[in-house]
> 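My questions all concern the structure below.
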Amino acid sequence: MPSNQILLEEPLRMALILEPSKPSFFPAMTKIVGTLGPTSSSVETISACLNAGMSVARFDFSLGDAAYHQETLENLKMAVKSTKKLCSVSLIVHTKCLSLLQHVLYIFSCSSHKEIIIFSFHTSFDKFILQVMLDTIGPELQVVNKTEHPISLEADTSVVLTPDQNKEATSNLLPINFSGLSKAVKKGDTIFIGQYLFTGSENTSVWLEVTELDGEDVVCLVKNSATLAGQLYTLHVSQIRIDLPTLADKDKEVISTWGARNNIDFLSLSYTRHAEDVRLARDYLSKLGDLSQTQIFAKIENIEGLIHFDEILQEADGIILSRGNLGVDLPPEKVFLFQKAAVYKCNMAGKPAVVTRVVDSMTDNLRPTRAEATDVANAVLDGCDAILLGAETLRGLYPVETISIVGKISAEAEKVFNQDMYFKKTVKFVGEPMTHLESIASTAVRAAIKVKASVIICFTSSGRAARLIAKYRPTMPVISVVIPRIKTDQLRWTLSGAFELRQSLIVRGLFPLLADPQHQADLTNASNDSVLKVALDHGKAGGIIKPHDRIVVCQKVGDASVVKIIELED
């Protein structure tokens, strides 16, 4: 496992720390996922979140119905148009938005001319803008409180958990949505009940100890006083397997309706416990037409997922470290160890790692705690691709400020990320002989570092080459020029490439552009140069490319893969 991830040049003058950060075209290379909800669903607030640096908009179907979330999605579309921010959407039955380039352009070429027509993404190409991630509920245990009246639990008293959902929830009796709890637990086991997306600072979380099993009922001792007030309360039984399917019937219904209608790019698979869970989900998606292209991100939330992490990582397209539930299942002193090990494994596999639950206190406060600010920085230094915000933006009082401060902390941490050590470690891990594509990607990053390039531009059709470049964590942005292809079934024309573009939006340091659909990555130098010029002009307009800068370009010419260095003139 890696160490010494921070690079501080000696002698370090402490006064330099106080100097204000310079404004940047990119708020941070690390992406930010914001969950949209009651306090962040208006066009104005979403626009502010995008401008603050939100990269992914997450829609949580655990709260609210389809009509509510569709209205929020429409507001997001309007916000994207007004801010000119490329955005991906994450749906949670439990969704993802990625704000990337300040003014991403879609490039389209007329069939009868070689001239390039540039469209902003607020044109008819809207269907390519929104990257959708659907987050499943999975085997989540919930307290059933039909009256939604507050329930007070007193320390050192008893409470019964019963599967009889017809009974009314009281201080002594809590109906739950699972009939097999008494078979799964034993005397002395620990059960945690908390408000959905609990932050830990509320008096709404309670710890229970199992004292008796009475048929299907579970009798527990209340360990701390709390009031269960709010819409949704979940149960988590520490280190106990719950015999429920990972992909529930409700999840399948939402995927096949809302998910298929919105052509989701990602499925966030909650409570992934085995590699087989990912395979079954992929098999289900393969039967839903275009959803066969949907990538699966496995959410690791308990001990079972931790034990089978290596096999899950091999099957999944990315990993979400759900630290809320993991923090209940794992001893507190072990959480950091799992995070570092899991992120390292994701980095070496070249698969995105997303870390959750970093600034919970900002749900109610304008500033994070010192520990939380350090936690964000450490996640970035560990190598995570994205930070996911839940309650902070869903119901928090300061969603915009939260996104802004997380972005600023991430950007500062990136400045001292020890890229040289990371690069050497990754090359050593990959070993020899490298694959052709891996060799090209590592060479491009090495060249960019040596010549102090301001940006790497990569031509790609599948997005794989650009993701491999980003895997080596270059210190400069990677602009991925995705080369699309036009397809037809004789009834309609479709444009491929937009899907690959959207799926690269969650990768740290990767910022995609969709190129001329008639341009091919292996065509003449002249056609390559025409698209390259557009990418360069875009970078200049945004301020990331300046006169006399050096640019590293990775592209395919004929059968040869080429890495070249360009030095710009005035």
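The structure displayed is predicted, hence computed values, not measured ones.
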> Does a side-chain heavy-atom distance below 4.5 Å link Asp382 with Tyr344?
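Result no, sub-4.5 Å side-chain heavy-atom pair not found.
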
> Taking atom CE of Met54 and atom CG of Leu36, what is their separation to the nearest 0.5 Å?
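Output value for this atom pair is 5.0 Å.
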
> Would a distance-only check, ignoring hydrogens and angles, find a side-chain to backbone donor-acceptor pair under 3.5 Å from Lys471 to Ala349?
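Answer holds: no.
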
> Are the side chains of Ile319 and Phe297 in contact, using a 4.5 Å heavy-atom criterion?
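Counting from C-beta outward, Phe297 and Ile319 never come under 4.5 Å.
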
> Take Thr246 and Arg273 through the test side chain to side chain donor-acceptor pair (under 3.5 Å) and record every step on the way to the result.
CA-CA 8 Å; Thr246 300; Arg273 295 164 288 185; 3.0 Å; yes

> Less than 6.0 angstrom from the centroid, inside 45 degrees of the normal: does Arg508 satisfy that with respect to the ring of Phe417?
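Flagged: Arg508 positioned over aromatic ring of Phe417.
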
> Begin with the C-alpha distance, continue with both residues' side-chain angles, and end with the deciding distance and a verdict on side-chain contact (heavy atoms from CB on, under 4.5 Å) for Asp217 and Asp164.
CA-CA 9 Å; Asp217 293 346; Asp164 189 348; over 6 Å; no

> What pair of heavy atoms forms the shortest contact from Ala298 to Ile312, and how long is it?
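That would be CB-CG2, 3.5 Å.
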
> So do Val355 and Leu388 actually touch side chain to side chain, heavy atoms under 4.5 Å?
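Contact flag for Leu388/Val355 side chains = no.
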
> In Å, rounded to the nearest 0.5 Å, how long is the span from CE of Met434 to CD of Glu432?
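Atom-to-atom, Met434:CE and Glu432:CD are 7.0 Å apart.
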
> Using the rule given for side chain to side chain donor-acceptor pair (under 3.5 Å), can you reason through His274 versus Glu311, listing the C-alpha separation, both sets of side-chain angles and the distance that settles it, and then say yes or no?
CA-CA 7 Å; His274 298 271; Glu311 307 97 272; over 6 Å; no

> Testing Arg395, Glu392, Arg58 for side-chain hydrogen bond (donor to acceptor under 3.5 Å, both in side chains) with Thr35, which one passes?
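Considering Arg395, Glu392, Arg58, a side-chain hydrogen bond (donor to acceptor under 3.5 Å, both in side chains) with Thr35 is found only for Arg58.
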
> Could you tell me how the ring of Phe423 sits relative to the ring of Tyr472: parallel (under 30°), tilted (30 to 60°) or perpendicular (over 60°)?
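Taking Tyr472 first and then Phe423, their aromatic rings sit tilted (interplane angle of 30° to 60°).
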
> In this structure, are over 12 heavy atoms from other groups packed under 6.0 Å from Glu276 atom CD?
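Atom CD in Glu276 is crowded, with more than 12 foreign heavy atoms closer than 6.0 Å.
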
> Quick one: CD on Glu71 to CG on Leu76, what's the gap to the nearest 0.5 Å?
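Spacing of CD (Glu71) from CG (Leu76) equals 13.0 Å.
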
> Side-chain contact, heavy-atom cut-off 4.5 Å: Leu73 with Trp258?
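They are in contact (side-chain heavy atoms under 4.5 Å apart), so the answer is yes.
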
> Out of curiosity, Glu168 CD to Leu174 CG, how far, rounded to the nearest 0.5 Å?
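Those atoms lie 11.5 Å apart.
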
> Do Asp385 and Val354 have side-chain heavy atoms sitting under 4.5 Å apart?
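Contact flag for Asp385/Val354 side chains = no.
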
> Is it true that Arg279 and Glu315 make a salt bridge, defined as a side-chain N closer than 4.0 Å to a carboxylate O?
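Looking at Arg279 and Glu315, the cut-off is met.
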
> Between Lys223 and Glu209, does any NZ, NE, NH1 or NH2 come within less than 4.0 Å of an OD or OE carboxylate oxygen?
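Yes, this pair counts.
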
> Report the C-alpha separation of Ser270 and Glu140 in whole Å, then their side-chain angles, then the decisive distance to 0.1 Å, and conclude whether the side chain to side chain donor-acceptor pair (under 3.5 Å) test is met.
CA-CA 9 Å; Ser270 296; Glu140 183 174 81; over 6 Å; no

> Is there a side-chain contact between Asp329 and Glu301, using heavy atoms and a 4.5 Å cut-off?
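The answer is no, as the side chains (C-beta and beyond) never meet within the 4.5 Å cut-off.
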
> Hey, does Val445 have a side-chain heavy atom less than 4.5 Å from the side chain of Gln419?
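The answer is yes, as the side chains (C-beta and beyond) meet within the 4.5 Å cut-off.
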
> Taking atom CZ of Arg464 as the centre, does the number of heavy atoms from other residues, nucleotides or ligands within less than 6.0 Å exceed 12?
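Result for CZ/Arg464: open.
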
> Whether Lys31 engages the ring of Phe511 as a cation-pi pair (distance to the six-membered ring centre under 6.0 angstrom, angle to the ring normal within 45°) should be assessed.
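Yes, cation above the ring, under 6.0 Å and within 45°.
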
> Quick test of your reading of the model: are Arg282 and Asp277 salt-bridged, counting only N-O distances below 4.0 Å?
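Salt bridge flag = no for Asp277 with Arg282.
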
> Answer whether the closest heavy-atom distance between the side chains of Leu326 and Lys334 falls below 4.5 Å.
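When only atoms from C-beta onward are counted, Lys334 and Leu326 do not touch, as no gap falls below 4.5 Å.
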
> Going from OG on Ser238 to CG on Leu208, what distance comes out if it is rounded to the nearest 0.5 angstrom?
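Taking OG in Ser238 and CG in Leu208, the distance rounds to 12.5 Å.
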
> Quick one: CG on Asp290 to CD1 on Ile264, what's the gap to the nearest 0.5 Å?
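Interatomic distance, Asp290 CG to Ile264 CD1, rounded to 0.5 Å: 11.5 Å.
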
> Which one of Asn302, Asn325, Thr136 satisfies the side-chain hydrogen bond (donor to acceptor under 3.5 Å, both in side chains) criterion with Tyr271?
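Between Tyr271 and the candidates, side-chain hydrogen bond (donor to acceptor under 3.5 Å, both in side chains) is satisfied uniquely by Asn325.
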
> Closest heavy-atom contact between Asn172 and Ser158?
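The answer is ND2-O, 3.8 Å.
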
> Where do Asp317 and Lys351 land on the salt bridge (Lys or Arg N to Asp or Glu O under 4.0 Å) test, with the steps shown first?
CA-CA 6 Å; Asp317 299 296; Lys351 296 185 178 183; 5.8 Å; no

> Could you walk me through whether Glu414 and Thr30 pass side chain to side chain donor-acceptor pair (under 3.5 Å), step by step?
CA-CA 8 Å; Glu414 289 162 5; Thr30 306; 2.7 Å; yes

> Step through the shown structure and confirm whether more than 12 heavy atoms of other residues, nucleotides or ligands are within 6.0 Å of CG on Asp243.
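Open.
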
